[in-house]
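Below, read A as the first sequence line, B as the second, and so on, with proteins coming before strands; counting in each chain starts at 1. Keep in mind that what you see is a predicted model, and the values were worked out from it rather than measured. Just so it is clear, the values below take in all heavy atoms, side chains as well, and ignore hydrogens, waters and symmetry mates.
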There are 2 protein chains.
Amino acid sequence: MSDPDLFVAHVPGIQYGVLDSLLGYAVRRAQIRVYEAFILALEPWGITPPRYSAMVIVSLNPGLKLTQLAKIMGIARSGAVILVDALEELGYMERQPAPEDRRAFSLALTPKGRTDLARISAVVQEQDQRVISGLSTAEQTELHRLLLKLCAIPD
Amino acid sequence: MSDPDLFVAHVPGIQYGVLDSLLGYAVRRAQIRVYEAFILALEPWGITPPRYSAMVIVSLNPGLKLTQLAKIMGIARSGAVILVDALEELGYMERQPAPEDRRAFSLALTPKGRTDLARISAVVQEQDQRVISGLSTAEQTELHRLLLKLCAIPD
DNA sequence: TATTGTTATACTCTATAACTATA
DNA sequence: TATAGTTATAGAGTATAACAATA
């Protein structure tokens, strides 16, 4: 009966030292925090964050090939195969023959995928809002801006 | 406040839809971004982010038991066993018999662990600084503050 | 030759559950 | 009975490398 509890940022009486000064550690903790409710809420659909991302991207960019999806998501092609396999098994996505290239498949959501994605997105947005509801609107906007700017800094 | 012309880690010509409005998605991307260089820099030591966190926490709170470490890190006890096994195999940490409880172990860094942790922390802080160097000092402070505030919001 | 999708394999991180030895 | 550590097992998520079919 191990119980991983919910992640707590700081256990009282414990020294965290340099971890407290690292922005990377704060980002990581925030990510865990934001994902917790998110993952729980999506469990009934068999959906995880990467699967959700793939569904959104394919829904808005129908006809994508697996290699393109992998590139967009920043993962290996073999990872895209596994992702699409899972979504296909859930009945949310399908491989359609690509007319212009017999090696490739065009990805598309199934009708069930389109219907459920709308409801899943509603839940996701609701959870996202709930988690950040302790920040003022200005703070939410500023946090989003700074996170995007962080990602935009070149190597 | 928001900067619509800010570069986003997007593949040109691809629609991201709702993902762009989710703070959780921005946090996730930022976390991946911050961890990239971090993971690469630590590879020579056999150290990963969770292993690094465990080393820092044990170094500052010597005598912790595995169950306490698991609780502090927000993972299951079985995960703490694997973590400590790996650090013990690397020669960085050791289980010492707990005088007051023959079931338990007191965790401590080895001399090598203490020496290497100082150098590892230097690299980690350097990478952390490098990644956020595109933000002004005020922006870095504000981002850190908002991330901590996000984690502090009760469920 | 190069590319597309696939498979095989491996590693990290995480989980739950059952076990042991103590408490 | 409860707790500390362990082991067994599983499942995501990721990677690299090799392969067949096609370009």
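- If you take CD of Q31(A) and P of dT14(C), they are 11 Å apart, rounded to a whole angstrom.
- The interatomic distance linking L66(B) (CG) with dA21(C) (C1') rounds to 15 Å, in whole Å.
- Atom pair L83(B):CG and dC11(C):P shows a separation of 17 Å (rounding to whole Å applied).
- Within 4.0 Å of A104(A), counting heavy atoms only, lie sugar-phosphate atoms of the nucleic acid but no base atom.
- Where F105(B) and I75(A) meet DNA chain D, the nucleotide closest to each residue was compared, and F105(B) sits on the side nearer the 5' end.
- When each of dT6(D), dT4(C), dA12(D) is scored by its nearest atom to the side-chain atoms of R51(A), the top-ranked nucleotide is dA12(D).
- The distance from atom CZ of R77(A) to atom P of dA18(D) is 13 Å, rounded to the nearest whole Å.
- OP1 or OP2 of dA23(D) lies within a sub-4.0 Å distance of a side-chain N or O belonging to R102(A).
- A close approach under 4.0 Å does occur between a side-chain nitrogen or oxygen of T67(B) and OP1 or OP2 of dG5(D).
- The nucleotide whose nearest atom lies closest to any side-chain atom of R103(B) is, among dT22(D), dA4(D), dG13(D), dA4(D).
- The CE atom of M73(B) sits 11 Å away from the P atom of dA15(C) (whole-angstrom rounding).
- For the OP1/OP2 pair of dG13(D) and a distance below 4.0 Å, the side-chain nitrogens and oxygens of T48(A) include at least one atom meeting the criterion.
- When distances are taken from the side chain of A76(A) to each of dG5(D), dG5(C), dA15(D), the shortest belongs to dA15(D).
- When rounded to the nearest whole Å, the span between CD of E36(B) and C1' of dA15(D) equals 14 Å.
- For dA4(D), neither phosphate oxygen OP1 nor OP2 lies less than 4.0 angstrom from any side-chain nitrogen or oxygen of R95(B).
- Between Y25(A) and Y16(A), the angle of the ring planes lies from 30° to 60°, which puts this pair in the tilted group.
- Across the interface with DNA chain C, nearest-nucleotide mapping of I32(A) and D101(A) shows D101(A) to be the residue nearer the 5′ end.
- I82(B) comes within 4.0 angstrom of a nucleotide base, judged by non-hydrogen atoms across all strands.
- Y35(B) has its OH atom 10 Å from the P atom of dC13(C), to the nearest Å.
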